[in-house]
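See below for the structure under consideration.
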Amino acid sequence: MGKKGKKEKKGRGAEKTAAKMEKKVSKRSRKEEVRPSTSKKVTTALLQYSNVIWSRTHSISKEDLEALIAHFQTLDAKKTQIVETPCSPPSPRLNASFSAHPEKDELILFGGEYFNGQKTFLYNELYIYNIRKDTWTKVEIPNPPPRRCAHQAVVVPQCGGQLWIFGGEFASPNGEQFYHYKDLWVLHLATKTWEQVRSPGGPSGRSGHRMVAWKRQLILFGGFHESTRDYIYYNDVYAFNLDTFTWSKLSPLGTGPTPRSGCQMSVTPQGSIVIYGGYSKQRVKKDVDKGTQHSDMFLLKSEEGKEGRWIWTRINPSGAKPIPRSGFSVAMAPNHQTLLFGGVCDEEEEESLEGDFLNDLHFYDAIKNRWFAGQLKGPKSEKRKRRRGPKAEPLGADKPECGGPSTLAPLEVVREVVAEDGTVVTIKQVLSAPGPVGQPQSDEDDSPEEAGSPVVEPSPRSNAMLTVKHGRLYLYGGMFEAGDRQVTLSDLYCLDLHKMDEWTALVEADPETQEWLETDSEEDSDVGEGAEGGEEDEDSGEDSGEEDGEPQHPLVMPGEQFTDYLPRTEQYWVRLARDDAGPDAKEKRVLKVAHAMAKTFFDDSA
């Protein structure tokens with residue numbers, strides 16, 4: 001995720017740069033109503049299932065995570081036809097994929113995560129943004145990939161366009177347990193059908209990895225895997241052949257990057273692959289991890305005339321290099337330049353963490369092996385008026401057509417938080433400056449009325465989604481932190497990379513209106529209403545079940561052991577699990593889910 005504090009969030013790897021401290025687990029979730037195709041009966045059962053299984057006070061097994069994923073897949077399997085519904089912009093999220101359609105003027109948003117202060121939400125929704133019409137459409141396709149975030153998506157042009165997705169992770173609602181996928185999916189854009197491609201010999205389960213299209217192959221690098229006991233970062237390289245549908249593990253010569261996640265990976269005009277930056281952490285002593293924001297760069301090159309032979313070379317580009325950071329976003333700009341946006345720059349010591357969220361632009365030119373800072377010129381019409389020296393216009397008179405909210409003088413918000421172990425975490429966020437990104441002030445631009453002119457630009461953030469279409473950069477969502485609060489964004493901005501004049505706000509969002517629920521450690525196990533929809537969150541967890549007609553679970557008798565409780569109540573839990581899973585579910589899986597639900601309820605009642 002983006003930058004994380006140390007109190008309760010955990011380092012999630014670069015795409016989750018907040019991955020810093022072992023006690024603050026990356027929190028993700030979303031604020032959105034129940035999927036239109038899901039009936040209220042199914043929704044009630046789903047909420048009941050999630051709330052029972054995912055207690056905040058008990059550990060969750062890998063089997064429980066797999067059971068929940070299978071449960072969601074059962075719901076998805078009930079969809080038998082493609083449904084396209086015009087809709088408002090997607091809810092706030094980060095760590096989704098955002099891709100440009102290779103043939104149409106459309107952008108494709110898939111998956112992601114959201115955290116509302118108490119619960120984590122994962123998505124497998126598919127949204128299409130029509131650039132020319134400025135409209136969103138939610139596309140529901142039978143048998144989609146399971147819900148996930150921090151995956152990778154690559155678009156290739158063949159067969160009317162294909163969107164390839166690998167890996168990513170699923171999180172329990174309390175954000176403390178993770179399941180890392182190792183599956184490969186393709187969305188056939190022409191027919192709007194999902195297909196899971198099963199091929200042995202591929203990468204292990206992971207998230208935060210990077211993947212690019214290279215000739216007729218997908219090349220994958222790095223990533224990480226985290227469990228309750230340990231974590232591992234990768235620097236391995238795999239290739240998937242788009243003609244034979246086979247995986248192969250590459251063994252490049254030379255010294256390559258150290259293990260990491262969330263790095264920049266892009267293809268150069270010469271056909272090589274560039275790796276820059278990323279994030280990793282390592283244990284320095286018991287219960288203490290130290291994160292590293294990498295700033296080194298490597299070139300992965302295929303040896304001419306030797307198919308399957310690759311070599312690593314470390315390179316040192318010149319120019320205005322980005323400061324080390326994590327959680328930055330990457331897209332391919334015109335002229336084969338690689339564009340880097342935002343992220344969070346952390347200064348981490350053993351007992352403190354201080355970070356700045358960023359909204360700057362940088363370009364890497366592989367031909368020149370040089371970094372350039374992205375400087376915006378500002379609107380030309382406004383400059384011409386200034387040179388003519390007309391009568392002062394009212395503030396905002398020259399706002400862009402799709403202008404966003406005003407941005408005042410730079411505001412630095414600093415807050416110190418004392419973690420449970422006594423660690424002092426200093427969180428700093430620098431809000432938007434009054435001038436365009438990277439634009440130096442000139443003598444003719446510093447009149448009093450111009451100094452306060454509104455500026456449209458994305459706020460500083462990490463883990464935003466980027467893509468480029470027709471030379472225009474599109475930026476969606478992401479997150480930043482203000483004190484203990486994680487603010488997840490749902491805004492959409494556009495920047496013409498040829499003109500480099502100013503950002504245009506296509507969808508504006510006010511973070512102040514976003515739901516944020518403070519966590520009470522004694523009431524954690526009762527949190528859950530609204531996990532799949534906003535209709536159920538007006539009452540407490542204990543009351544809403546009765547008022548909505550949900551059955552009360554069989555109570556645990558005083559002094560009763562689980563070995564006695566389960567046989568007495570097993571048929572009730574089996575009926576509940578079967579109602580959730582549907583009539584076609586296998587009896588073995590129904591029984592497994594039923595026992596997990598009973599055990600979790602029993603533990604919660606102890």
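- Not a single donor-acceptor pair under 3.5 Å links the side chain of Arg485 to the backbone N or O of Gly483.
- Within 6.0 Å of NE2 on His470 lie more than 12 heavy atoms contributed by other residues, nucleotides or ligands.
- The shortest side-chain heavy-atom distance between Arg472 and Thr504 does not fall under the 4.5 Å cut-off.
- Counting only N and O atoms by type, the side chains of Asp296 and Tyr276 include no donor and acceptor under 3.5 Å apart.
- Trp516 has its side chain within reach of Gln486: a pair of non-hydrogen atoms, C-beta onward, lies under 4.5 Å apart.
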For Trp185 and Phe110, what are the C-alpha separation, side-chain angles and deciding distance, and is it a ring-ring contact (aromatic ring centres under 6.0 Å, His included)?
CA-CA 12 Å; Trp185 294 77; Phe110 173 78; 9.0 Å; no
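- The shortest side-chain heavy-atom distance between Trp310 and Ser302 falls under the 4.5 Å cut-off.
- Of the candidates Leu340, Leu339, Ile275, Gln264 forms a side chain to side chain contact (heavy atoms under 4.5 Å, CB included) with just one, namely Leu340.
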Given Asp491 and Glu508, is the side chain to side chain contact (heavy atoms under 4.5 Å, CB included) satisfied, shown in steps?
CA-CA 5 Å; Asp491 45 6; Glu508 299 182 53; 5.8 Å; no
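- With rounding to the nearest 0.5 angstrom, the CG atom of Leu189 is 8.5 Å from the CD atom of Glu103.
- Here the side chain of His101 pairs no donor or acceptor atom with the backbone of Ile108 at under 3.5 angstrom.
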Check step by step if side chain to side chain contact (heavy atoms under 4.5 Å, CB included) holds for Ile131 and Tyr474.
CA-CA 10 Å; Ile131 296 174; Tyr474 293 88; 3.2 Å; yes
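- Side-chain N or O atoms of Arg461 include one that pairs as donor or acceptor with a backbone N or O of Gly477 at under 3.5 Å.
- Proximity of a side-chain donor or acceptor of Arg147 to a complementary backbone N or O of Phe170 within less than 3.5 Å is not detected.
- There is a side-chain donor-acceptor pair under 3.5 Å between Gln270 and Thr268.
- Using modelled atom types, no side-chain atom of Arg210 and backbone atom of Gly222 make a donor-acceptor pair closer than 3.5 Å.
- To the nearest 0.5 Å, the span separating NZ on Lys215 from CG on Asp243 amounts to 13.0 Å.
- Rounding to the nearest 0.5 angstrom, the gap separating the OH atom in Tyr181 from the NE2 atom in His151 is 11.0 Å.
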With ring-ring contact (aromatic ring centres under 6.0 Å, His included) as the criterion, how do Tyr129 and Tyr127 come out once you've worked through the C-alpha distance, each side chain's angles and the decisive distance to 0.1 Å?
CA-CA 7 Å; Tyr129 175 70; Tyr127 289 94; over 10 Å; no
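- For the pair Pro334 and His498, the minimum side-chain heavy-atom distance is below 4.5 Å.
- The two residues Val155 and Pro102 make their nearest non-hydrogen contact at CG1-CD, 3.4 Å.
- Ring centroids of Phe166 and Trp247 are separated by less than 6.0 Å, placing the two rings close together.
- Atom CD of Gln282 sits in a sparse spot, with 12 or fewer heavy atoms from other residues, nucleotides or ligands closer than 6.0 Å.
- Residues Leu489 and Met479 come closest through the heavy atom pair CD1-N, 4.4 Å.
- When side chains are defined from C-beta on, Leu184 does not count as touching Ser199, because their heavy atoms never get closer than 4.5 Å.
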Can Leu495 and Leu361 be said to form a side chain to side chain contact (heavy atoms under 4.5 Å, CB included), step by step?
CA-CA 11 Å; Leu495 175 65; Leu361 283 168; 3.6 Å; yes
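- In this structure, Phe328 has its ring center no closer than 6.0 Å to that of His362.
- Once rounded to the nearest 0.5 Å, the distance linking CG of Leu109 with CD of Glu125 reads 8.5 Å.
- Using modelled atom types, no side-chain atom of Lys469 and backbone atom of Asp105 make a donor-acceptor pair closer than 3.5 Å.
- Using a 4.5 Å heavy-atom cutoff, the side chains of Val468 and Met332 are not in contact.
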May I have the step-by-step check of side chain to side chain contact (heavy atoms under 4.5 Å, CB included) for Met465 and Ser329, ending in yes or no?
CA-CA 7 Å; Met465 285 67 75; Ser329 305; over 6 Å; no
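- The main-chain N or O of Pro145 is found under 3.5 Å from a side-chain atom of Asn124 such that the two form a donor-acceptor pair.
- Residue pairs that meet the salt bridge (charged side-chain N to carboxylate O under 4.0 Å, His left out) test with at least one member in residues 261-271, sequence neighbours left out, do not exist here.
- Atom CZ of Phe224 sits about 12.0 Å away from atom CD1 of Ile232, to the nearest 0.5 Å.
- Within the 6.0 Å centre-distance limit, the rings of Phe245 and Trp164 are counted as a close aromatic pair.
- Under the 4.5 Å side-chain criterion, counting only non-hydrogen atoms from C-beta, Arg93 is not in contact with Phe121.
- Heavy atoms only, all atoms of each residue included: Thr120 and Ser172 are closest at CB-O, 3.7 Å.
- Within the model, atoms CG of Leu218 and CD1 of Ile165 stand 11.5 Å from one another, a figure rounded to the nearest 0.5 Å.
- Residues Tyr476 and Trp136 place their aromatic rings such that the two centres sit under 6.0 Å apart.
- Residue Gln375 comes nearest to Met500 through the heavy atom pair O-CE, 3.9 Å, listed as atom of the first residue, atom of the second, then distance.
- Between the side chain of Asp356 and the backbone N or O of Cys345 there is no donor-acceptor pair closer than 3.5 Å.
- Closest approach of Ile219 to Met265, counting heavy atoms only: O-CE, 3.5 Å.
- You'll find the side chain of Trp503 reaches within 4.5 Å of the side chain of Leu473, heavy atoms only.
- Judged by distance alone, with hydrogens and angles left aside, the side-chain atoms of Asn174 form a donor-acceptor pair with the main-chain N or O of Glu176 at under 3.5 Å.
- In this structure, Asn359 contributes its side chain and Pro458 its backbone to a donor-acceptor pair below 3.5 Å.
- Nearest heavy-atom pair across Ala153 and Leu163 is CB-CD1, 3.9 Å.
- Counting non-hydrogen atoms of neighbouring residues, nucleotides and ligands closer than 6.0 angstrom, the NZ atom of Lys301 reaches no more than 12 such neighbours.
- His225 has its ring centre no less than 6.0 Å from the ring centre of Phe178.
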